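All remarks here apply to the structure that follows.
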Amino acid sequence: MSDQDADEAARTLPLRHSDDIQGDILAGFRKDHETVLLLRFPDDLAPVRNWLRRLIPHIATTRQVAAFNAEYSTARHTLAGTDPAALNATWVNVSLTYAGLRFLMDEEPFPDQQPEGVQAFVKGAFARAEINGDDGESAPGEWLFGRADQPVHAVLTVASDDQAKLEVRASQLRVAAARAGLTVTFEQVGATLPGERKGHEHFGFKDGVSQPGVRDFDRPDPRDPIHVHGKPGTRILPAGEFVVGHPKLTGEAPPLPEWTRNGSFQVVRRLAQDVPAWWAQAGAARRQLDKEGIELPPGTGTEWLAARAVGRWRSGASVAHNPNAEPPTKPGAPDDNLISYVDDPEGHTTPHFAHIRKTNPRDGIGGDFTNADTRRIIRRGIPYGQPFDPAAGTGHGPDADRGLVFIAYMADLAVQFEFLQQAWVNNVDFLQPETGNDPVIGKDTDVNLKLDTNPEGKKLHFAQFVRTEGTVYAFAPSLSTLRSLAG
Ligand code: HEM
C-alpha cells in the first residue's frame with residue numbers, strides 16, 4: 001500500500017487502526033493453527049490482576065492483525081496464490097466470562113436492568129442450553145467444558161501460522177497462568193485441514209465464505225458501495241452489530257455500561273461432526289427420492305442433495321447460481337456470494353432448510369435484507385481432529401474426535417447467536433410450515449424438499465450428526481478496559 005493509500009485508509013477506515021479493539025474480532029486471526037485455553041481463577045484477586053497486567057502487552061490489536069493480513073494478502077497475490085512462508089505471526093486474544101468479569105471488577109458489572117443479550121451472558125451458555133437446542137446427546141451435563149461444575153473465568157485464543165511457534169506461545173501462557181494460580185480447565189486445539197482440504201470443514205465444504213462486511217473497517221466497492229471491494233455480495237453493516245458502543249442498524253443500541261465499549265460478545269462451542277454418518281444419511285435420502293419416483297435433473301447424486309442441505313457445493317459455489325452441478329473452480333475469481341433469494345420464494349433451488357439460508361436468509365424475508373442483517377455474526381471457527389479418511393490410519397477413522405471449534409463475535413448474544421439457533425436453525429416452521437430444521441447443525445428433523453418437479457415437497461429424514469460438546473459465552477473487552485481491570 002502506498003503512503004497515500006495508507007493515509008486515505010486511515011481517514012476513511014478508522015477501525016482498521018484501532019489499538020483498542022482486540023484483533024480477532026474485526027480483522028480475524030485467520031491462522032492455520034489455533035489453541036483455545038479455558039482458565040479458572042484462584043480465590044485471590046491480586047495475582048489475577050497481575051497476570052492480566054502482564055498479559056496485556058501480548059494481546060493482538062485490530063491495527064496489528066489488519067496490517068499483517070493486508071501484507072499477507074498482497075504477498076499471496078504476488079506468489080500467484082501460494083502462502084508466503086516467510087510471513088508469519090502468532091497472536092493472542094483474551095475474553096472473560098461473566099464470572100471472570102465479576103471477579104476482576106469486584107462488583108456487579110451490569111448494575112442496571114439489562115437487555116436479554118446481557119442476561120444470556122450473565123446466566124451463561126449452560127443455563128441457556130435449551131434455547132440453543134442443546135439436549136439429548138448435546139445436553140450440557142455431558143459437555144467437556146462449560147458445565148455448571150466447571151467454572152471458566154477467562155478464554156485465551158492463541159493462533160499462529162506455525163505449529164511450533166503456537167506451541168511455544170501456548171506453553172509460555174500456561175506457565176504465566178500457573179504462576180498466578182490460574183488453572184487450565186480445558187484446552188482445545190484446532191487446525192485447518194491438510195492439503196486440498198484447507199479452508200474446508202470436516203463434511204468437506206468450503207467454510208468462511210460469507211462473512212458480514214463492517215463499516216469503517218472494510219473498504220467499500222466504489223461502484224457498489226453497499227458491498228466490500230473485491231467481495232461481491234459481502235454487505236457492509238454498521239460496526240455496532242459486532243462491537244459494542246458503535247452505531248447499529250436499527251439506530252440506538254441498548255445502553256450498556258461504558259466499560260463494554262469496543263468489546264464484543266463471544267461464543268466458543270465445540271461441535272463434534274460424525275462425517276460418515278452424515279454422508280450415509282444424505283445417500284439414503286437421495287436413494288429415497290429415486291424409490292419414490294421424484295423426477296430429478298440427470299446425473300444428480302448424493303452430492304447434489306448434500307449441496308442442498310448446505311446451500312453450497314463443496315467448492316463453496318452456491319446452489320442458487322449452480323442448481324444442478326458443481327461448476328469448475330476459476331482460480332482468482334471472487335467468492336460466489338452475491339446471492340438473492342427473492343426469485344426463489346418457495347425454495348425450489350436453495351431449500352428453506354439449507355444451512356446458509358437458515359443462518360442468513362438474506363432478502364428472503366419480506367424481500368429485503370433488513371431482518372437478516374440484524375442477525376449476522378462474525379465467524380472465526382477452525383476445525384479440530386484429523387480428516388475422515390480410514391485408509392490413512394489412526395486418527396482418521398470413524399471413531400476419532402473431529403469437528404468444528406465454532407467461535408463467533410457479535411454485539412448481542414440473544415439477538416444474534418441464540419436467535420439463529422432457536423428461531424431459524426431449530427425452527428421446523430422457518431419461512432413456511434414444515435420446512436424442517438437445519439440438516440447440517442439442527443436437531444433430528446424431516447426436511448421438506450420442494451422442487452419445480454415436485455412443488456408440494458418430499459419429506460426426508462435428517463438425524464443430528466453435529467453434537468455440542470461444550471459452550472462458553474465470554475466477552476472480549478477493549479484494551480483500555482483490560483487495563484483498568486488489571487488495576
Ligand atoms: C459443525 C458445525 C457447522 C458446520 C459444518 C458449518 C458449515 C458451514 C458451511 C459449509 C457454510 C458455507 C460457507 C460459508 O458461507 O462460510 C456455513 C455458513 C454459515 N454458517 Fe455454518 N457450520 C456449522 C455451524 C454453524 C453454527 C453453529 C452457526 C450459527 C448458529 C453457523 C452459522 C453460519 C452462517 C451465518 C453462515 C453464512 C451464511 C451466509 O451468509 O450465507 N454455522 N457453515
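Because the structure is predicted, anything quoted here is derived from the model rather than measured. Atoms within a ligand are numbered from 1 in the order they appear, just like the ligands themselves.
- Taking all heavy atoms of D207, D335, L404, D438 into account, the minimum distance to atom 9 (C) of ligand 1 is reached by D207.
- The residue from R375, H355, R235, R402 that puts a heavy atom closest to atom 7 (C) of ligand 1 is H355.
- At least one heavy atom of R379 lies less than 4.0 angstrom from ligand 1.
- Looking at R362 next to ligand 1, an N or O pair under 3.5 Å apart turns up.
- Nearest to atom 30 (C) of ligand 1 among the protein's heavy atoms is Q421 OE1, 3.3 Å.
- Under a 4.0 Å N-O distance rule, the pair K450/E434 does not qualify as a salt bridge.
- No side-chain donor-acceptor contact under 3.5 Å links Q150 and T185.
- Between F205 and W279, the ring planes are parallel. Angles under 30° get that label, and only those over 60° would be called perpendicular.
- Considering both main-chain and side-chain atoms, G208 comes within under 3.5 Å of ligand 1 through a nitrogen or oxygen pair.
- Close N/O approach between S210 and ligand 1 is found [any backbone or side-chain N/O within under 3.5 Å].
- Taking a 4.0 Å cut-off on heavy atoms, R269 fails to register as neighbouring ligand 1.
- Ring geometry for F186 against F145 counts as tilted: the plane angle lies between 30° and 60°, on a 0 to 90° scale.
- Classification of E303 and R314 as a salt-bridged pair holds, one side-chain N sitting under 4.0 Å from a carboxylate O.
- Ionic pairing of D218 and K231 is not present here: no N-O contact between side-chain nitrogen and carboxylate oxygen is shorter than 4.0 angstrom.
- Considering I441, T471, L420, I356 only, the shortest heavy-atom separation from atom 2 (C) of ligand 1 involves I441.
- In this structure the side chain of F203 reaches within 4.5 angstrom of the side chain of V275, judged on heavy atoms.
- The shortest heavy-atom distance from V425 to ligand 1 is not under 4.0 Å.
- Atom numbering of ligand 1 starts at 1 in the shown order; those under 4.0 Å from a heavy atom of N360 are 38 (C), 39 (C), 40 (O).
- The protein atom (non-hydrogen) at minimum distance from atom 29 (C) of ligand 1 is F406 CZ, 3.7 Å.
- Looking at ligand 1, you'll find an N or O of R376 within less than 3.5 Å of one of its N or O atoms.
- Protein heavy atom closest to atom 13 (C) of ligand 1, with residue, atom name and distance, is K206 O, 3.2 Å.
- Counting heavy atoms only, F205 comes closest to atom 10 (C) of ligand 1 of the residues W313, W278, F417, F205.
- Between R380 and Y409, some side-chain heavy-atom pair lies under the 4.5 Å cut-off.
- Taking distance alone, with nitrogen or oxygen atoms compared against 3.5 Å, N337 stays at or beyond that limit from ligand 1.
- Side-chain N/O atoms of H348 and N454 include no donor and acceptor closer than 3.5 Å.
- The closest side-chain donor-acceptor pair between Y384 and D401, if any, does not fall under 3.5 angstrom.
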